[in-house]
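Here the structure comes first, spelled out in structure tokens, and everything after it is commentary.
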Amino acid sequence: MPAAPNVVTRFPPSPTGFLHIGGARTALFNYLYARHHGGTFLLRIEDTDRERSTQPAIEAIIEGMKWLELNWDNNDKIYLQSEHMPRHAAVANEMLANGHAYKCFCTPQELEEMRNHQKANGLPMRYDGRWRDKDPKDAPAGAPFVVRLKAPLTGETTIKDHVRGIVTVQNSQLDDMVLLRSDGTPTYMLSVVVDDNDMGVNTVIRGDDHFTNTFRQVQILKAMNWNIPEYAHIPLIHGSDGQKMSKRHGALGVDEYRKMGYLPEAIRNYLLRLGWSHGDDEIIPDAKAVEWFNLEHIVSSPAKFDYMKLDSVNAHYMREMDDTKLAQTVAARLSEATGTAPDVAQTAILAKGMAGLKQRAKTLKDLTESAAFYVTPRPLPMNDGAKKILSADAKAMLAALRTLLSDLADFSATSIEASIKDFAGQHGKKLGDYAQPLRAALSGSNVSPPIFEVASILGKPETLGRMDDVLK
RNA sequence: GACCCCUUCGUCUAGAGGCCUAGGACAUUACCCUUUCACGGUAGUAACACGGGUUCGAAUCCCGUAGGGGUCGCCA
């Protein structure tokens with residue numbers, strides 16, 4: 001099935017902030033495509049903007065990638081774009097030498113005036129090429145200059161994109177972009193092209209916001225006579241306002257999702273389905289994702305992020321998790337929230353409780369909150385629902401129940417239920433009449449897993465103790 | 001403004017001219033199950049943006065309109 005040999009993809013975030021959800025999806029698609037073809041997935045940090053790039057951001061991105069388990073190749077090594085700036089500059093100079101680039105001595109003010117004029121007159125906003133054919137000798141001595149691409153004036157540039165199809169733009173629409181800044185550093189447009197080429201990247205999967213840039217990049221590629229990679233521009237993820245999700249537009253860092261209690265496998269599955277499909281399949285475990293992923297079924301329109309759906313996917317994976325492992329996670333979260341870590345015995349109780357708890361929760365956060373009562377030290381605080389249940393009548397019934405339970409030898413859930421059911425019948429009551437007060441006493445709430453199961457897991461001494469607390 | 005792209009239930013999507021009286025999932029409604037809440041089960045509401053073509057036949061192809069988005073930096 002894998003046709004293209006040696007597929008090389010890459011994820012190139014710029015370290016100006018955390019790894020956000022849109023970037024995570026781009027990374028996922030690149031990762032899956034490489035894995036599907038048995039190819040290589042690389043991580044490149046685009047830190048050429050020295051002003052805005054930060055080390056903490058680099059670390060946050062790496063942490064995010066690791067949390068999502070999107071492991072990159074090349075022995076875990078990261079390609080730092082800034083380390084290759086001399087190479088980028090060398091390429092620009094090569095283009096200068098072979099006539100594919102030229103020096104432009106315009107000042108920033110001059111360019112801004114030009115743009116203002118164009119905007120005011122409803123003209124297309126592009127560099128007008130005023131230094132394209134001028135002799136550099138005409139420039140004032142020692143004046144700073146940038147290096148611009150000498151882009152073709154006529155003809156057209158065509159991109160074959162796996163999502164967009166074949167798209168053509170007239171070269172007259174594209175201006176002579178800057179390759180090298182006046183301080184000699186390369187621009188993004190140059191750096192990506194050079195790095196992709198040097199890294200052997202042959203498949204570029206990235207956000208659709210890069211689509212129009214692609215035409216310019218292809219022009220550089222052609223000027224250098226380099227191979228043009230396969231392209232797949234994936235539609236953006238929109239916020240609820242229908243606009244591109246960005247760091248200031250509702251996109252959260254992946255770490256926030258971890259805190260909210262989402263599982264990495266759930267995030268992966270949800271993100272995969274957001275913009276890609278495999279028939280009616282919704283739950284797509286990693287192995288299937290790698291097996292099935294392709295570029296053909298990437299959706300062509302933008303998607304909105306939906307927490308409800310994420311919740312349901314997360315709930316699915318959470319229920320599949322091993323109870324012991326889940327209990328450890330919950331214990332860790334509990335200790336983070338309360339400051340005291342559950343001990344081994346308590347963690348064991350949590351593990352027993354997981355089966356009943358996890359089908360009532362969507363996230364690890366929910367799960368942790370609903371599990372807390374198992375290990376909360378006595379006397380348990382009662383929530384409003386519990387207080388309401390514990391009327392004088394209810395307490396009287398609870399007192400009777402206490403005697404019943406203390407005499408019960410077999411403290412299994414079925415045994416407790418059978419005995420209470422029998423007891424209720426004898427007193428002309430329903431099971432629920434006793435179950436609710438018991439629930440309040442044992443869980444401190446009006447909502448809990450099956451209460452006889454809870455009692456059994458808590459054990460007889462703790463159960464009776466909690467009942468005594470309420471009866472005091 | 002210029003250029004490019006997008007448009008199927010509220011949301012994510014299936015759909016590659018007849019399989020579509022448009023399918024699935026999430027959400028939502030009702031009922032069943034039931035010691036609470038969930039889970040689960042059953043049923044339901046709900047969409048091809050609009051207008052023209054092409055064709056025996058169009059959600060699917062073409063053109064236009066409308067709406068939305070992206071890009072136009074010495075940011076990435």
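Reckoned from all heavy atoms, side chains included, excluding hydrogens, waters and symmetry mates. The chains referred to below are lettered A, B, ... by the order of the sequence lines, with proteins before strands, and numbering in each begins at 1.
- The C1' atoms of B:C50 and B:C32 are separated by 44 Å, rounded to the nearest whole Å.
- B:A43 is paired with B:U29 under the criterion used here, namely a Watson-Crick or G-U wobble arrangement in which both key atom distances are under 3.5 Å.
- Picking from B:U13, B:C74, B:G70 the nucleotide with the shortest atom distance to the side chain of A:Arg115 gives B:C74.
- Set against B:G24, B:U36, B:U13, the side chain of A:Val447 has B:U36 as its closest nucleotide.
- Enclosure of atom NZ in A:Lys365 is not indicated, since only 12 or fewer non-hydrogen atoms of other residues, nucleotides or ligands lie within 6.0 angstrom.
- Distance CH2 (A:Trp276) to P (B:G15): 11 Å, rounded to an integer number of Å.
- Annotation: B:C74 and B:U65 have their C1' atoms spaced 41 Å apart (nearest Å).
- Between the side chain of A:Arg360 and the main chain of A:Gly356, a donor-acceptor pair closer than 3.5 Å is present.
- Using the Watson-Crick or G-U wobble rule with both distances under 3.5 Å, B:C19 pairs with nothing in any strand shown.
- On the C1' atoms, B:G15 is 25 Å away from B:A66, given to the nearest whole Å.
- For A:Ala303, whose side chain is taken as the heavy atoms from C-beta onward, the closest listed nucleotide among B:C12, B:U35, B:A27 is B:C12.
- Note on A:His210: a base of the nucleic acid sits closer than 4.0 angstrom, heavy atoms only.
- Across the C1' atoms, B:U60 and B:C48 are found 10 Å apart, a figure rounded to whole Å.
- Taking a 4.0 Å limit (strictly below) on heavy-atom distances, residues 150-161 of chain A does not reach RNA chain B anywhere.
- Candidate nucleotides B:A27, B:C4, B:A76 were compared by shortest atom distance to the side chain of A:Ser14, and B:A76 ranks first.
- With both pairing distances under 3.5 Å, B:U34 is matched to nothing as a Watson-Crick or G-U wobble pair.
- Comparing B:A76, B:C4, B:A25 by their closest approach to the side chain of A:Val167 singles out B:C4.
- Nucleic acid contact for A:Pro449: base, since at least one base atom lies under 4.0 Å from a heavy atom of the residue.
- Contact annotation: A:Lys304 side-chain N/O to B:G69 OP1/OP2 distance is not under 4.0 Å.
- Side chains of A:Ile420 and A:Leu438 form a contact here, defined as non-hydrogen atoms less than 4.5 Å apart.
- Put simply, CE on A:Met382 is 19 Å from P on B:U36, counting in whole angstrom units.
- Distances were taken from every side-chain heavy atom of A:Leu111 (C-beta onward) to each of B:U13, B:C74, B:C5; the shortest belongs to B:C74.
- Nucleotides B:A47 and B:C12, compared at atom C1', are 13 Å apart to the nearest Å.
- The ring of A:Tyr102 has its center no closer than 6.0 angstrom to the ring center of A:Trp131.
- Ranking B:A76, B:C6, B:G1 by closeness to the A:Ser300 side chain, first place goes to B:C6.
- For the pair A:Val204 and A:Pro229, the minimum side-chain heavy-atom distance is below 4.5 Å.
- Between A:Tyr262 and A:Tyr270, the ring centre distance reaches or exceeds 6.0 Å.
- If you check every strand for non-hydrogen atoms under 4.0 Å, A:Pro302 touches sugar and phosphate atoms only.
- Place A:Arg216 and A:Gln81 on RNA chain B by their nearest nucleotides, and A:Arg216 ends up nearer the 5' end.
- Residue A:Arg273 places no side-chain atom within donor-acceptor reach of the base of B:U13, judged by atom type and a 3.5 Å distance cut-off alone.
- In this structure, A:Asp306 places its CG atom 13 Å from C1' of B:U28, rounding to the nearest Å.
- Spacing between B:G23 and B:C5 at atom P, rounded to whole Å, works out to 32 Å.
- B:C6 atom C1' lies 11 Å from atom CG of A:Leu236, rounded to whole Å.
- Remark: A:Arg216 engages A:Asp175 in a salt bridge, criterion side-chain N to carboxylate O under 4.0 Å.
- Looking at heavy-atom distances under 4.0 Å, A:Val192 makes no contact with the nucleic acid at all.
- Across all strands, A:Lys358 comes closer than 4.0 Å to no nucleic acid atom at all (heavy-atom distances).
- Atom C1' of B:U21 sits at a distance of 46 Å from the matching atom of B:A2, rounded to the whole Å.
- Near RNA chain B, meaning a heavy atom under 4.0 Å away, there are no residues from residues 88-96 of chain A.
- Listed candidates were B:U36, B:A76, B:U13. Nearest to the side chain of A:Arg360 is B:U36.
- Contacts of A:Asp209 with the nucleic acid, taken as non-hydrogen atoms under 4.0 Å apart, involve only primed sugar atoms and P, OP1 or OP2.
- If you check every strand for non-hydrogen atoms under 4.0 Å, A:Pro450 touches a base.
- In this structure, of B:C5, B:C12, B:A76, it is B:C5 that holds the atom nearest to the side chain of A:Arg164.
- The base of B:G23 sits within donor-acceptor range of the side chain of A:Asp280, with an N or O pair under 3.5 Å.
- No donor-acceptor pair under 3.5 Å is formed between the side chain of A:Asp47 and the backbone N or O of A:Ser53.
- A:Ser182 comes within 4.0 angstrom of a nucleotide base, judged by non-hydrogen atoms across all strands.
- Heavy atoms of A:Glu46 sit under 4.0 angstrom from primed sugar atoms or phosphate atoms, though from no base atom.
- Nucleic acid contact for A:Ser448: base, since at least one base atom lies under 4.0 Å from a heavy atom of the residue.
- Between A:Asp281 and A:Arg273 no salt bridge is recorded (no basic side-chain N to carboxylate O distance below 4.0 Å).
- Rounded to the nearest 0.5 angstrom, A:Ile21 CD1 and A:Arg25 CZ are separated by 10.0 Å.
- Taking only side-chain nitrogens and oxygens, A:Ser53 never comes nearer than 4.0 Å to OP1 or OP2 of B:A76.
- In this structure, A:Cys104 reaches neither bases nor backbone, as no heavy-atom distance under 4.0 Å exists between it and the strands shown.
- The residue A:Leu274 sits close only to the backbone: its heavy atoms come under 4.0 Å of sugar-phosphate atoms, none of a base.
- In this structure, A:Val146 reaches the bases: a heavy-atom distance under 4.0 Å links it to at least one base atom across the strands shown.
- Separation of the A:Tyr79 and A:His84 ring centroids falls under the 6.0 Å cut-off.
- Look at NZ on A:Lys119: it is 10 Å from P on B:G73, rounded to the nearest Å.
- In this structure, A:Asn213 reaches the bases: a heavy-atom distance under 4.0 Å links it to at least one base atom across the strands shown.
- A:His88 and A:Asp195 are linked by a side-chain donor-acceptor pair at a separation below 3.5 angstrom, with hydrogens and angles left out of the test.
- Between the side chain of A:Thr212 and the base of B:C3, no donor-acceptor pair under 3.5 Å is found.
- A residue-by-residue look at A:Gln359 and A:Gln173 shows that A:Gln173 has its nearest nucleotide of RNA chain B further toward the 5' end.
- Going from the C1' atom of B:U45 to that of B:U11 covers 16 Å, rounded to whole Å.
- Nucleotide B:U35 holds its P atom 19 Å from the CG atom of A:Leu398, rounded to whole Å.
- Here B:C3 presents its P atom at 15 Å from CG of A:Asp175, a figure rounded to the nearest Å.
- Taking the six-membered ring for Trp and the full ring otherwise, the centers of A:Phe11 and A:Phe41 sit at least 6.0 Å from each other.
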